[in-house]
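Report on the structure given below.
In listed order, ligands and their atoms are each counted from 1.
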Amino acid sequence: MKKVIIISDNQYIYDFLLSIKDEIKTLASFAFRYSSINESFKEKYSGCSDFLPIDVAKEMENLIKEYALIISWHCKQLFPKELVKQVRCVNIHPGFNPYNRGWFPQVFSIINKLPCGVTIHEMDEWLDHGPIIYQQIVDIEEYDTSYTAYCRILNTEIDLFRRHILTLINGNYQAFAPKETGNLNSKKDFNRLLEIDLEKRGTFGEFIDILRALTHDEYKNAYFMDKRNNKICISISITPPTPTSSP
Ligand code: 0FX
């Protein structure tokens with residue numbers, strides 16, 4: 001039986017994996033890990049023998065020896081070049097490669113209108129870059145915030161994983177290289193969006209897009225400084241249209 005390891009630092013995904021672990025353990029010998037630096041996971045999953053911490057760089061030799069497939073599913077550690085060259089490593093990424101690769105793709109897609117979705121791809125030495133195995137567009141509506149778009153993206157990831165798990169394990173797919181390198185956003189690029197310049201000129205639509213992109217559940221992202229130098233956080237509340245019932 002093939003040995004597969006899934007490394008994730010995303011709680012929603014981890015809980016999903018826990019819920020299906022017995023079912024998928026009939027398909028391959030699965031191990032599940034989270035990043036050893038992930039303090040919140042350490043607390044939440046302490047005592048859970050299916051969910052153990054890992055330091056990918058330190059444990060590289062063992063990973064190469066032990067596993068036929070490594071799945072990075074929102075893993076916050078960089079995989080060393082030697083690792084991705086020697087073992088088949090697959091990344092499940094919350095963006096539509098090659099557009100807005102890197103951090104928080106839906107945030108940037110709301111602003112720059114590039115396609116958004118999910119990509120499952122083989123990893124190479126560059127970020128969110130290798131040959132694409134499966135991908136699916138997730139449409140962003142004019143009333144979406146980062147959060148509502150993100151929820152659909154996560155559920156699309158889970159759906160794609162469920163549909164293709166066997167093919168992913170066996171590796172009998174035809175991956176293709178994206179036609180362009182696209183663009184890459186870093187956490188710094190995200191941080192640069194957060195302070196709203198009250199003197200900036202633009203259209204209402206552009207301002208609404210920035211606020212939609214920075215509205216994500218409890219996160220206090222967008223802010224401006226008032227005249228007393230207080231930080232004032234802002235987010236936007238949008239009411240989606242109610243579906244019209246057919247006559
Ligand atoms: O796990 P993840 O959804 O994904 C991120 C990257 O976007 C992804 O490309 C990479 N493969 C993965 C390892 O890490 O990230 P998260 O759980 O930190 O954030 C989820 C969403 O929450 C994000 O898309 C936007 C929102 N968010 C997050 C932070 C930390 C905010 O709006 N503000 C924040 O400060």
List the atom of C116, the atom of P105, and the distance in Å for their closest heavy-atom pair. SG-C, 4.3 Å
Minimum heavy-atom distance R88-N170, with the two atoms named: NH2-C, 4.0 Å
Closest heavy-atom approach to atom 33 (N) of ligand 1 among N221, N100, D217 is made by N221
If you scan protein heavy atoms around atom 6 (C) of ligand 1, the nearest is F104 N, 4.0 Å
For atom 21 (C) of ligand 1, decide whether some protein heavy-atom distance is shorter than 4.0 Å. yes
Do Y143 and L211 belong together in a cluster built from hydrophobic side chains that touch within less than 4.5 Å? yes
Which residue and non-hydrogen atom of the protein lie closest to atom 3 (O) of ligand 1, and at what distance in Å? Y150 OH, 2.5 Å
Contact (N/O only, under 3.5 Å) between Y219 and ligand 1: no
Taking every heavy atom of L83 against every heavy atom of I64, the minimum-distance pair comes out as CD1-CG1, 3.7 Å
Do me a favour and list the nearest non-hydrogen protein atom to atom 18 (O) of ligand 1 with residue, atom name and distance? K76 NZ, 2.6 Å
Would Y223 and N230 count as having a side-chain donor-acceptor pair, cut-off 3.5 Å? no
Can you find an N/O atom of Q106 closer than 3.5 Å to an N/O atom of ligand 1? yes
Report yes or no: do I158 and V118 belong to one cluster of Ile/Leu/Val/Met/Phe/Trp/Tyr joined by side chain heavy-atom distances under 4.5 Å? yes
